[in-house]
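What follows is a single structure, written as structure tokens, with notes after it.
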Amino acid sequence: ILGGYEAKPHLRPYMASLQLDGQHVCGGFLIAEQWVLSAAHCTEGTNGKLFQVLLGAHSLTEPEPHKRLYRVRAQIPHPGSNIHNNRDDLLLLQLEEKAELNAHVKVLPFQREDRDVEADTVCEAAGWGTVTHSGRRPDKLQQVERPVISRDLCNHRTRHDHTITEKMMCTDSRKKDTCKGDSGGPLVCNGVAEGVVTAGSRVCGNYKKPAIYTRIAPYAAWIDGVMASAAR
Ligand SMILES: CC(C)CC(=O)Nc1cccc(-c2cccc(CN)c2)c1
């Protein structure tokens, strides 16, 4: 997160850190007791290795009472996701067991009504992604407020040049922005997850490249279907 600030500890109890060999790779968030939603691009370069999911954390390194690392039973990328674009950039992770819910670990509801969030709505992004252009990684969860911009503005030739589909949304990226390692985290508007951070042009903090999110509502049926079919 560029231009943000340290989150109040455990006020975002749905936040997940997707880790490989103890290293934070991407964000994610708890959508059900045994399910985390993240971004398919996060599996790039993992060579098929499964993530571990850290829940209940504020600091990535310090011992905290409700912090717990969960193994993953299955990782299911959206069938339409691919490395060449940002379309259908969603990843569902089934935890090995149901997460123990408490004040520090809670499910975040996601938007099911497929209607665009109004431009200028101020939403929040949070994550353990890089906090400087040189790539400094924070130990503690960061957050930033960002206004939604219209798809027309985001699709302008000088911005993302008509690559933003109706299944994506954008926020202004002047100075304050999501960045490497924030992918997979939720964009929360009025307490509801409306989007999932996607890397987009992999540029951070440049107003010419607004932040891009996969809108969740268009994928509600896919998410429900995967969770229902894997239920045991
Ligand atoms: C396997 C993945 C972690 C590789 C990756 O995502 N790299 C990468 C590099 C630079 C910027 C970003 C990035 C992320 C989220 C939002 C934005 C822009 N707001 C950029 C992402």
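Residue indices begin at 1 and follow the sequence shown. Remember, it's 1-based here, ligands and their atoms both numbered in the order they're listed.
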What does the contact table look like for ligand 1 (nitrogen or oxygen on each side, cut-off under 3.5 Å)?
residue	atom	partner	partner atom	Å
ligand 1	19 (N)	Asp177	OD1	3.2
ligand 1	19 (N)	Asp177	OD2	3.2
ligand 1	19 (N)	Thr178	O	2.9
ligand 1	19 (N)	Thr178	OG1	2.9

Mind checking whether Tyr219 and His78 have parallel, tilted or perpendicular rings, split at 30° and 60°? perpendicular

Disulfide bond (SG atoms under 2.5 Å apart) pairs touching residues 61-126, sequence neighbours excluded, are Cys123-Cys189

Contacts satisfying side-chain hydrogen bond (donor to acceptor under 3.5 Å, both in side chains) that involve residues 179-191 (not counting sequence neighbours) are none

Heavy-atom closest pair (Val53 atom, Leu18 atom, distance to 0.1 Å) is CG2-CD1, 4.3 Å

To the nearest 0.5 Å, atom CG of Leu187 lies from atom OG1 of Thr121 at 10.0 Å

Residues at least two apart in sequence or cross-chain that pass side-chain contact (heavy atoms from CB on, under 4.5 Å) with His160, listed by chain then number, are Cys154, Thr163, Ile164, Ser201, Lys209, Pro210, Ile212

